[in-house]
Enquirer: 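Below you will find the structure I want to go over with you.
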Amino acid sequence: MGRINVLDSRTANAIKAGEVIERPVSVVKELLDNAVDSGATRVKIEFAGGGISLIRVTDNGCGMDREDAEKAFLIHATSKLKKIEDLYDLSTNGFRGEALASIASCADVTLTTSQSDGTDGTRVTYEDGELKDVTDISAPQGTCVEVRSLFKNFPARYKFLKKDSTEGMYITGLVEKLSIINPQVSIKLIKDGAVQFTTPGTGSVQDAVYAVYGKETASNLVPVKYQQDDFRIEGFTGLPRFVRGNRGLQCVYVNDRLIHSKTISAAIDEAYKNAVMKNKFPVCFLMIYCAPGTVDVNVHPQKAEVKFSSDNDVFRLVYHGIREAITSSGTAGGAFKGIASGDSIEIETPSETKVAAEEKQLRYDISAGGKLSSAHKLKSSSSSPVQTVPAAGDAQSANELLKILSGFKPDASVVANNHAEETAPSTETEVPEVLTVAPVTPDEVRKELTDIDKIAGARYTGILFNTYIILQTTEECYFVDQHAAHERVLYEEFMAKKAPGKNISATEHMLVPSIIKVSASDYTFIEGAIDKFTENGFEIELLGDREIALRAVPMGSANKASDMFAEILTDLKRDNPAKTDIWYSLIQTTACKAAIRAGDVITQEQAESLIDKLTKLEDPYHCAHGRPTFFCVPRRDFEKNFKRIV
């Protein structure tokens with residue numbers, strides 16, 4: 001007699017449940033995906049006891065008739081697929097037809113559904129994996145799935161669950177992230193009878209972020225919009241100053257599906273490289289869209305991972321999309337507030353500026369390449385006339401308007417008649433002279449000054465604690481960290497010398513080689529990476545017996561070569577960079593060790609020279625390790641602290 005058995009459906013479903021339903025959060029994900037696929041505009045998610053005691057998901061979607069309600073619990077019964085070709089052209093979250101069958105095999109499930117408000121509803125009840133009852137009832141349009149006593153017949157699986165609060169945290173975190181990618185759906189989350197949050201369902205991702213994560217998160221995001229070949233990325237990414245200690249708020253969606261991807265995580269890290277500090281992670285909500293045939297969503301039991309046809313294309317898409325968004329923000333080192341794009345702004349004449357000074361705020365818009373918005377016009381509290389000027393970057397429109405105005409010549413007789421009606425008769429009619437206006441060039445169009453523009457024109461005031469250079473403008477005071485600023489200058493100088501086609505020597509030979517005794521492990525490390533040291537400005541000779549001769553160092557740091565090399569070696573070994581990244585770590589660490597230290601005394605001329613170099617850098621906002629190089633204190637803050645203004 002043969003040994004191979006064909007398992008019954010109950011046993012097979014139980015095994016399948018082990019793959020699909022790992023913990024309560026898996027149930028919530030499957031049910032929420034089904035609710036969204038049904039076309040619902042409102043979804044209510046309730047759970048108690050960490051989702052083990054109760055999970056209830058109610059939606060106002062299309063609902064099902066009695067026949068479909070019964071079929072929905074059969075294994076591999078789905079409305080999303082008909083043939084295998086459909087698998088490569090999916091536009092829905094669910095598609096396998098495993099969810100309800102898997103849930104019913106490991107919990108008690110009650111499904112109530114109706115296609116319209118009335119008496120044509122259906123209730124299906126499963127207990128212990130078996131169908132118990134199918135009843136016609138009156139129910140509102142939509143579907144409600146209630147899951148109780150999860151894993152009650154699977155003690156082994158139940159034993160591996162965490163405490164209720166932890167399982168509840170997993171559910172809350174998942175619903176938060178799924179709420180962002182479904183902004184068109186109003187989602188309400190209720191935990192143990194208490195409402196956690198409700199999204200507005202306006203269709204705006206930013207509104208959803210505000211509702212779920214709060215004002216601080218929403219106000220520190222800049223929009224991402226970039227396309228490359230068949231791939232497109234949209235969403236929001238955080239300013240470099242707004243970071244967290246983990247990747248918890250790095251949310252990535254592919255074709256509206258929440259996924260995890262090492263490729264995309266690496267691209268995010270690369271885009272923020274040396275803009276955020278080590279072990280800090282930026283916040284981002286990235287939506288990647290691509291043709292269904294370029295991504296395989298059927299590679300993970302819980303559909304948490306996908307496989308791209310070209311990881312390199314996706315990496316470049318994410319990297320360039322984020323870099324472009326950060327660069328366009330224009331205020332990476334200071335406060336930032338985005339506004340909607342528009343065509344023009346209104347500015348008050350000098351006579352009213354003082355009256356409405358506290359009502360006005362000119363903000364920079366990253367969503368339209370630097371255009372100023374008419375949606376946030378500056379309001380005047382006086383009746384003085386206002387002048388309308390073209391927004392930054394809109395010189396062409398201004399020139400077209402000026403051509404029209406310059407070509408306008410009023411009819412002399414009409415002017416005379418109109419004038420005669422209002423004043424005494426006159427024998428002569430004075431024709432207004434047409435004013436010819438020179439075309440507006442982009443350089444002449446008003447634009448907002450960035451912090452770097454202001455620093456470049458600021459006045460040197462002094463140095464605080466032999467560390468912080470103080471600069472002053474009419475309305476701001478800037479404090480610049482001399483070490484962080486010099487480190488950034490050295491880093492970019494050396495990186496420029498590493499660029500392809502550059503043959504500039506970045507090495508300073510020492511008059512007397514420095515003989516350094518190292519440990520056996522250090523000697524082995526140097527021996528394995530000696531080519532990288534050479535490429536980056538060091539000339540090292542291995543003498544044997546754990547001794548090396550340091551003959552040249554990079555970036556003019558020969559006066560402290562031995563100490564600097566020892567510190568660099570310690571840092572490199574501690575961080576243990578990959579072989580492909582060791583040259584980058586070497587440059588980063590060398591720039592840090594060779595820079596002016598906190599507490600070093602420098603002259604005014606040296607400080608001014610450093611500031612001048614800083615303002616010309618590609619990224620003057622951060623040192624090579626991601627720390628800020630400066631911060632700003634507005635004059636208004638000083639006046640408020642001294643109670644000059646209230």
Enquirer: Does the pair I171 and K29 meet the rule for a side-chain contact (heavy atoms from CB on, under 4.5 Å), with working shown?
Expert: CA-CA 8 Å; I171 292 175; K29 181 181 185 303; over 6 Å; no
Enquirer: Listing request: all salt bridge (charged side-chain N to carboxylate O under 4.0 Å, His left out) pairs with a residue in residues 212-238, at least two apart in sequence or in separate chains.
Expert: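 For residues 212-238: R232-E234.
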Enquirer: Tell me if a side-chain donor or acceptor on N60 pairs with a main-chain N or O of G142 at a distance below 3.5 Å.
Expert: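 No, N60 side chain to G142 backbone: no donor-acceptor pair under 3.5 Å.
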Enquirer: Donor-acceptor pair, Q250 side chain versus G248 backbone, under 3.5 Å?
Expert: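 Not confirmed, Q250 side chain does not pair with G248 backbone.
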Enquirer: Distance from T166 atom OG1 to L161 atom CG, nearest 0.5 Å?
Expert: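 It comes to 10.5 Å.
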Enquirer: Checking S53 now: which residues fulfil side-chain contact (heavy atoms from CB on, under 4.5 Å) with it, not counting sequence neighbours?
Expert: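 S53: no side-chain contact (heavy atoms from CB on, under 4.5 Å) contacts found.
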Enquirer: Would you call D68 and K71 a salt bridge, taking side-chain N to carboxylate O under 4.0 Å as the test?
Expert: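 Looking at K71 together with D68, the answer is no, because their closest N to O distance does not fall below 4.0 Å.
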Enquirer: Is a donor on one side and an acceptor on the other found under 3.5 Å between the side chain of T202 and the backbone of P183?
Expert: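 No; zero donor-acceptor contacts below 3.5 Å.
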Enquirer: Donor-acceptor pair, distance only, cut-off 3.5 Å: does the side chain of S38 make one with the backbone of A35?
Expert: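 Checked: pair present.
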Enquirer: With side chains defined as the heavy atoms from C-beta onward, is the minimum distance between R241 and V276 less than 4.5 Å?
Expert: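 No, side chains not in contact.
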Enquirer: Sub-3.5 Å donor-acceptor pair from the side chain of T199 to the main-chain atoms of I187, do we have one?
Expert: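 Judged by distance alone, yes, a pair lies under 3.5 Å.
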Enquirer: Atom NZ in K307, atom OG1 in T263: separation rounded to 0.5 Å?
Expert: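 Here the rounded value is 11.5 Å.
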Enquirer: When you compare the side chain of I268 with that of I322, does any pair of heavy atoms fall below 4.5 Å?
Expert: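 Side-chain contact under 4.5 Å: yes.
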Enquirer: Between D256 and Y289, is the side-chain hydrogen bond (donor to acceptor under 3.5 Å, both in side chains) condition met? List the steps.
Expert: CA-CA 8 Å; D256 294 338; Y289 297 97; 2.9 Å; yes
Enquirer: Just wondering, more than 12 heavy atoms not from K191 lying within 6.0 Å of its NZ?
Expert: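 Count over threshold, so yes.
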Enquirer: Could D311 and R316 be called an ion pair, given the rule that one side-chain N must be under 4.0 Å from one carboxylate O?
Expert: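 The answer is no: the pair does not qualify as a salt bridge.
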Enquirer: Counting only heavy atoms not in R247 (residues, nucleotides, ligands), do more than 12 fall under 6.0 Å from its CZ?
Expert: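 Yes - once you tally the heavy atoms of other residues, nucleotides and ligands closer than 6.0 Å, there are more than 12.
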Enquirer: Start with the C-alpha distance between T237 and Y272, add both sets of side-chain angles, then the distance that settles side-chain hydrogen bond (donor to acceptor under 3.5 Å, both in side chains), and finish with yes or no.
Expert: CA-CA 11 Å; T237 193; Y272 281 93; 2.5 Å; yes
Enquirer: Over all heavy atoms of both residues, which pair between K188 and V195 is shortest? Give the atoms and the distance, please.
Expert: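 It is CG-CG1, 4.3 Å.
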Enquirer: P240 and A275: which non-hydrogen atoms are nearest, and at how many Å?
Expert: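 In terms of heavy atoms, the two residues are closest at CB-O, 3.6 Å.
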Enquirer: Contact between L174 and E176 at the side-chain level, heavy atoms closer than 4.5 Å - yes or no?
Expert: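 No, every pair of side-chain atoms sits at 4.5 Å or beyond.
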Enquirer: Any non-hydrogen side-chain atom of T110 less than 4.5 Å from a side-chain atom of T112?
Expert: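 Contact flag for T110/T112 side chains = yes.
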Enquirer: Indicate the atoms forming the closest heavy-atom contact of A99 with N34, along with that distance.
Expert: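 Smallest heavy-atom distance, with atoms named: CB-ND2, 4.4 Å.
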Enquirer: Can you tell me which residue among F285, F242, F236, F197 is in a ring pair (Phe, Tyr, Trp, His ring centres under 6.0 Å) with Y213?
Expert: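 By the ring pair (Phe, Tyr, Trp, His ring centres under 6.0 Å) criterion, Y213 pairs with just one of F285, F242, F236, F197: F285.
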Enquirer: For L100 and L31, run side-chain contact (heavy atoms from CB on, under 4.5 Å): C-alpha distance rounded to whole Å, both residues' side-chain angles, the deciding distance at 0.1 Å, then the answer.
Expert: CA-CA 8 Å; L100 286 177; L31 297 181; 4.1 Å; yes
Enquirer: Under the side-chain contact (heavy atoms from CB on, under 4.5 Å) test against I103, which residue among V145, D108, V147, I55 passes?
Expert: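 When side-chain contact (heavy atoms from CB on, under 4.5 Å) is applied between I103 and each of V145, D108, V147, I55, only V147 qualifies.
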Enquirer: Quick one: do S310 and N312 satisfy side-chain hydrogen bond (donor to acceptor under 3.5 Å, both in side chains)? Show the steps, please.
Expert: CA-CA 5 Å; S310 174; N312 290 337; 5.3 Å; no
Enquirer: Validate the cation-pi geometry between R157 and F151: distance from NZ or CZ to the six-membered ring centre under 6.0 Å, angle to the ring axis within 45°.
Expert: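 Yes, a cation-pi geometry.
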Enquirer: Quick one: closest heavy-atom pair of K44 and I190, and the distance?
Expert: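 Closest pair (atom of K44, atom of I190, distance): CD-CD1, 3.8 Å.
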Enquirer: After noting the C-alpha distance and the side-chain angles of N255 and C290, does the key distance pass the side-chain contact (heavy atoms from CB on, under 4.5 Å) rule?
Expert: CA-CA 7 Å; N255 291 346; C290 53; 4.1 Å; yes
Enquirer: Over 60° means perpendicular and under 30° means parallel, so tell me whether F308 and F231 are parallel, tilted or perpendicular.
Expert: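 F308 and F231: perpendicular rings.
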Enquirer: Could you tell me which non-hydrogen atom of T122 sits nearest to which non-hydrogen atom of V134, and how far apart they are?
Expert: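 Looking at all heavy atoms of both residues, the closest pair is CG2-CG1, 4.1 Å.
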Enquirer: Counting only N and O atoms by type, is there a donor-acceptor contact under 3.5 Å from the side chain of Q184 to the main-chain atoms of G201?
Expert: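 Checked: no pair found.
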Enquirer: In Å, rounded to the nearest 0.5 Å, how long is the span from NE2 of H320 to CD of E324?
Expert: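 Nearest 0.5 Å value for the NE2-CD distance: 10.0 Å.
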Enquirer: State, yes or no, whether a side-chain contact exists between D59 and T143 at a heavy-atom distance under 4.5 Å.
Expert: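 Yes, at least one pair of side-chain atoms sits under 4.5 Å.
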Enquirer: The test is side-chain contact (heavy atoms from CB on, under 4.5 Å); show your working for R123 and L111 and say whether it passes.
Expert: CA-CA 6 Å; R123 175 175 292 160; L111 180 146; over 6 Å; no
Enquirer: Just how far is it from atom CD1 of I180 to atom OH of Y253, taken to the nearest 0.5 Å?
Expert: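 One finds 5.5 Å between CD1 of I180 and OH of Y253.
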Enquirer: Salt bridge or not between K152 and D128? Use side-chain N to carboxylate O under 4.0 Å.
Expert: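 Between D128 and K152 there is a salt bridge, with a charged N closer than 4.0 Å to a carboxylate O.
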Enquirer: Which heavy atom in I21 sits nearest to a heavy atom in S102, and how many Å separate them?
Expert: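 In this case the closest contact between I21 and S102 is CG1-CB, 3.9 Å.
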Enquirer: With heavy-atom distances below 4.5 Å as the criterion, would you say the side chains of L150 and C106 are in contact?
Expert: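 Result yes, sub-4.5 Å side-chain heavy-atom pair found.
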Enquirer: Mind checking the CZ-OG spacing from R66 to S114? Nearest 0.5 Å is all I need.
Expert: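 Reported to 0.5 Å precision, the distance equals 13.5 Å.
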Enquirer: With heavy-atom distances below 4.5 Å as the criterion, would you say the side chains of F73 and V124 are in contact?
Expert: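 Yes, at least one pair of side-chain atoms sits under 4.5 Å.
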Enquirer: Roughly how far apart are L286 CG and Y226 OH, rounded to 0.5 Å?
Expert: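 Here the rounded value is 14.5 Å.
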Enquirer: Considering only heavy atoms from C-beta outward, does the side chain of Q115 approach that of D65 to under 4.5 Å?
Expert: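 Yes, side chains in contact.
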Enquirer: Working note: K162 + E167, criterion salt bridge (charged side-chain N to carboxylate O under 4.0 Å, His left out); need CA distance, chi angles, decisive distance, verdict.
Expert: CA-CA 6 Å; K162 300 184 183 298; E167 296 295 340; over 6 Å; no
